[in-house]
Amino acid sequence: MHSPVTNNSHSNSNLPGISRYIVFALALVIGAWFMFQIIGVVFLFFFAVVLTLILNAPTMWLVKKKVPRTVAALMVFMLMLLFLFFLGWLVLPRILEQVSHLATQLPAYFDSIQSRLGSALSDYPVLQEKVMADNAFEKSLPSVSRLVTHLGRFSFSVIGGIFIAILFLSLVIYMLIHPRPLIETYLTFFPPHKREKAAAALARSSEMMVGWMWSNLVVGTIEAVLIFFFLSYMGVPGVWVWVGLALFAEMVPKLGLYIMAAPPVLIALSVSPLTALWVLIFYLILNEIMGDFVMPKIRASTMNLHPVSSLLVMLAMAAAFGVIGALIATPLTAFIKAYYEAFYLSQVPTENLDKQVDLVLNRRGSENKNNNETI
């Protein structure tokens with residue numbers, strides 16, 4: 001007769017456990033929602049960390065020369081701002097001037113492209129009719145508002161952009177002047193026996209960030225100079241605009257220059273089809289030479305990233321977060337590689353690894369299977 005009471009008490013005793021699971025699930029959902037809402041802040045902080053790690057290299061060089069840390073950090077930070085100001089003063093006015101000129105000439109460019117395409121499609125009357133329809137080519141192009149929308153999920157007003165820039169630079173300078181408390185906090189997230197690996201992973205990440213920035217500056221400058229001379233020689237309008245785009249093309253590995261090539265090729269088509277063809281060939285050759293020969297050699301000594309891993313992470317981040325995700329893909333890949341090597345690869349035996357790779361490449365598995373069956 002006491003069994004019903006016992007069952008009720010047993011079911012009541014399970015309620016706290018079920019409640020904990022419900023609370024844990026709700027916490028996960030709320031946490032995921034909160035992270036999605038502040039993803040822009042996370043990206044901003046990640047960029048600040050990347051820039052701090054890059055600027056830390058010259059700062060530590062000055063510190064080794066007996067310059068106080070605060071003075072060294074301020075010197076490096078001000079030199080960076082002066083470099084950006086000089087670059088903006090040199091390039092930005094020309095870019096703005098030519099952007100304004102291109103904007104006023106876009107209807108004429110569209111009409112020229114439309115007429116040239118119509119002539120090329122004279123043997124295909126159905127396609128020619130569609131191309132020669134009123135504003136057909138202009139309607140087929142994405143509007144300016146759509147282009148701006150697709151550049152990223154985050155848009156800021158001018159005042160908001162200035163505020164974000166000030167906040168970003170403040171984060172960088174604070175982390176650069178007083179990094180030790182932040183590094184100590186970072187290391188306390190790991191148990192004592194793993195802190196050495198955590199420190200080594202962050203140090204390796206810092207080295208790779210310096211290599212990433214250096215390679216972007218060198219290769220981006222080479223590409224920009226070559227594009228300036230070639231497009232000027234070919235008479236393509238808006239040369240400085242395409243030069244400015246080329247400076248940042250390598251921030252999106254392998255695909256960046258292809259993306260940057262689309263606007264100048266279209267504008268060159270308004271000059272003549274032959275000009276557009278030469279511009280397209282130039283960008284293809286330039287991207288292959290830089291992407292397959294120059295960039296790997298520059299990055300090999302510091303980053304040693306395989307192009308497949310960079311492209312895979314870039315595609316995943318671009319699919320999830322748009323252009324902002326593509327921009328942080330290479331630094332993120334470097335962090336992943338550094339922590340993978342420090343925490344996992346250092347514990348994995350690598351003897352006979354070359355022999356096993358050769359086994360895969362030479363497809364010797366079937367021979368070993370036949371030998372085993374014979375035995």
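Starting from 1, each residue takes its place in the sequence as its number.
Proximity of F335 to M209: side-chain heavy atoms (C-beta onward) are separated by under 4.5 Å at one or more points. Between L176 and R69, the closest side-chain pair of non-hydrogen atoms falls below 4.5 Å. Contact annotation: the side chain of L81 approaches that of L169 to within less than 4.5 Å [non-hydrogen atoms, C-beta and beyond]. Side-chain contact between F168 and L51 is present, with at least one heavy-atom pair separated by less than 4.5 Å. A heavy-atom distance below 4.5 Å is found between the side chains of S170 and I166. Side chains of V219 and E223 form a contact here, defined as non-hydrogen atoms less than 4.5 Å apart.
Here the closest heavy-atom approach between residue A201 and residue A342 is recorded as CB-CB, 3.8 Å. Across all non-hydrogen atoms, the minimal contact from L171 to A48 is CB-CB, 4.1 Å. Considering all non-hydrogen atoms of both residues, P237 and I267 come closest at CD-CG2, 3.7 Å. The shortest non-hydrogen separation linking A199 to L187 is N-CD2, 3.9 Å. Contact detail for P331 and V50: the closest heavy-atom pair is CB-CG2, 4.0 Å. When all heavy atoms are compared, the tightest approach of G325 to M317 is O-CB, 3.2 Å.
Note: the hydrophobic cluster containing V71 does not contain L79 (ILVMFWY, side chain heavy atoms under 4.5 Å, direct or indirect links). One hydrophobic cluster holds both W61 and M208 under the rule that ILVMFWY side chains link at heavy-atom gaps under 4.5 Å. Under the 4.5 Å side-chain contact rule for hydrophobic residues, M60 and I183 do not share a cluster. A continuous path of hydrophobic side-chain contacts links L55 to L84 [ILVMFWY only; heavy atoms under 4.5 Å]. Cluster annotation: V225 is connected to F86 through the hydrophobic network of ILVMFWY side chains, with a link wherever side-chain heavy atoms come within less than 4.5 Å.
Within 6.0 Å of the CD atom in E288, the count of heavy atoms belonging to other residues, nucleotides or ligands exceeds 12. The environment of F45 atom CZ is sparse: at most 12 non-hydrogen atoms of other residues, nucleotides or ligands sit within 6.0 angstrom.
Remark: R195 pairs with no residue by the side-chain hydrogen bond (donor to acceptor under 3.5 Å, both in side chains) rule, at least two apart or across chains. For the side chain to side chain contact (heavy atoms under 4.5 Å, CB included) test, residues two or more places apart in sequence or in another chain that qualify with I38 are F34, M35, V41, V42. S205 meets the side-chain hydrogen bond (donor to acceptor under 3.5 Å, both in side chains) test with no other residue; sequence neighbours excluded. Applying the ring-ring contact (aromatic ring centres under 6.0 Å, His included) test to F85 and every residue at least two apart in sequence or in another chain returns nothing. Take F282 and apply the ring-ring contact (aromatic ring centres under 6.0 Å, His included) test, not counting sequence neighbours, and it matches F230. By the ring-ring contact (aromatic ring centres under 6.0 Å, His included) test, F343 is found to be paired with F190, residues two or more places apart in sequence or in another chain being considered. For T330, the side-chain hydrogen bond (donor to acceptor under 3.5 Å, both in side chains) test picks out no residue, with sequence neighbours left out. By the side-chain hydrogen bond (donor to acceptor under 3.5 Å, both in side chains) test, Y186 pairs with Y339, sequence neighbours left out. Residues that satisfy the ring-ring contact (aromatic ring centres under 6.0 Å, His included) test with Y174, not counting sequence neighbours, are absent from this structure.
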I'd like to know whether L305 forms a side chain to side chain contact (heavy atoms under 4.5 Å, CB included) with W212, so could you lay out the CA-CA distance, the side-chain angles of the two residues, the decisive distance to 0.1 Å, and finally the verdict. CA-CA 10 Å; L305 287 177; W212 174 69; over 6 Å; no

Kindly indicate, with the supporting measurements, whether the criterion side chain to side chain contact (heavy atoms under 4.5 Å, CB included) is fulfilled by L327 and F47. CA-CA 10 Å; L327 290 177; F47 273 121; 4.2 Å; yes

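Applying the salt bridge (charged side-chain N to carboxylate O under 4.0 Å, His left out) definition to pairs two or more places apart or across chains, none involves residues 76-87. Under the salt bridge (charged side-chain N to carboxylate O under 4.0 Å, His left out) criterion, the residue pairs touching residues 324-341 are K337-E341, with sequence neighbours excluded. For residues 231-281, every residue pair satisfying the ring-ring contact (aromatic ring centres under 6.0 Å, His included) rule, not counting sequence neighbours, is listed here: F228-W240.
Between the side chain of T221 and the backbone N or O of L217, at least one donor-acceptor pair lies under 3.5 Å. Judged purely by atom type and a 3.5 angstrom limit, T188 uses its side chain to pair as donor or acceptor with the backbone of T185.
For the side chain to side chain contact (heavy atoms under 4.5 Å, CB included) with V236, the qualifying choice from V279, I227, V265 is V279, the only one to do so. Each of L74, T52, V76 was scored for a side chain to side chain contact (heavy atoms under 4.5 Å, CB included) with I173, with one residue passing: L74.
The CD1 atom of I54 sits 10.0 Å away from the CE atom of M80 when rounded to the nearest 0.5 Å. Rounded to the nearest 0.5 Å, atoms CG (L353) and CG (D358) are 10.0 Å apart. Taking CD1 from I39 and CG from L44, the interatomic distance works out to 11.5 Å, rounded to the nearest 0.5 Å. Rounded to the nearest 0.5 angstrom, L284 CG and I289 CD1 are separated by 11.0 Å. If you take CE on M314 and OG on S309, they are separated by 11.5 Å, rounding to the nearest 0.5 Å. Here the CG atom belonging to D354 is positioned 9.0 Å from the CD atom belonging to Q356, to the nearest 0.5 angstrom.
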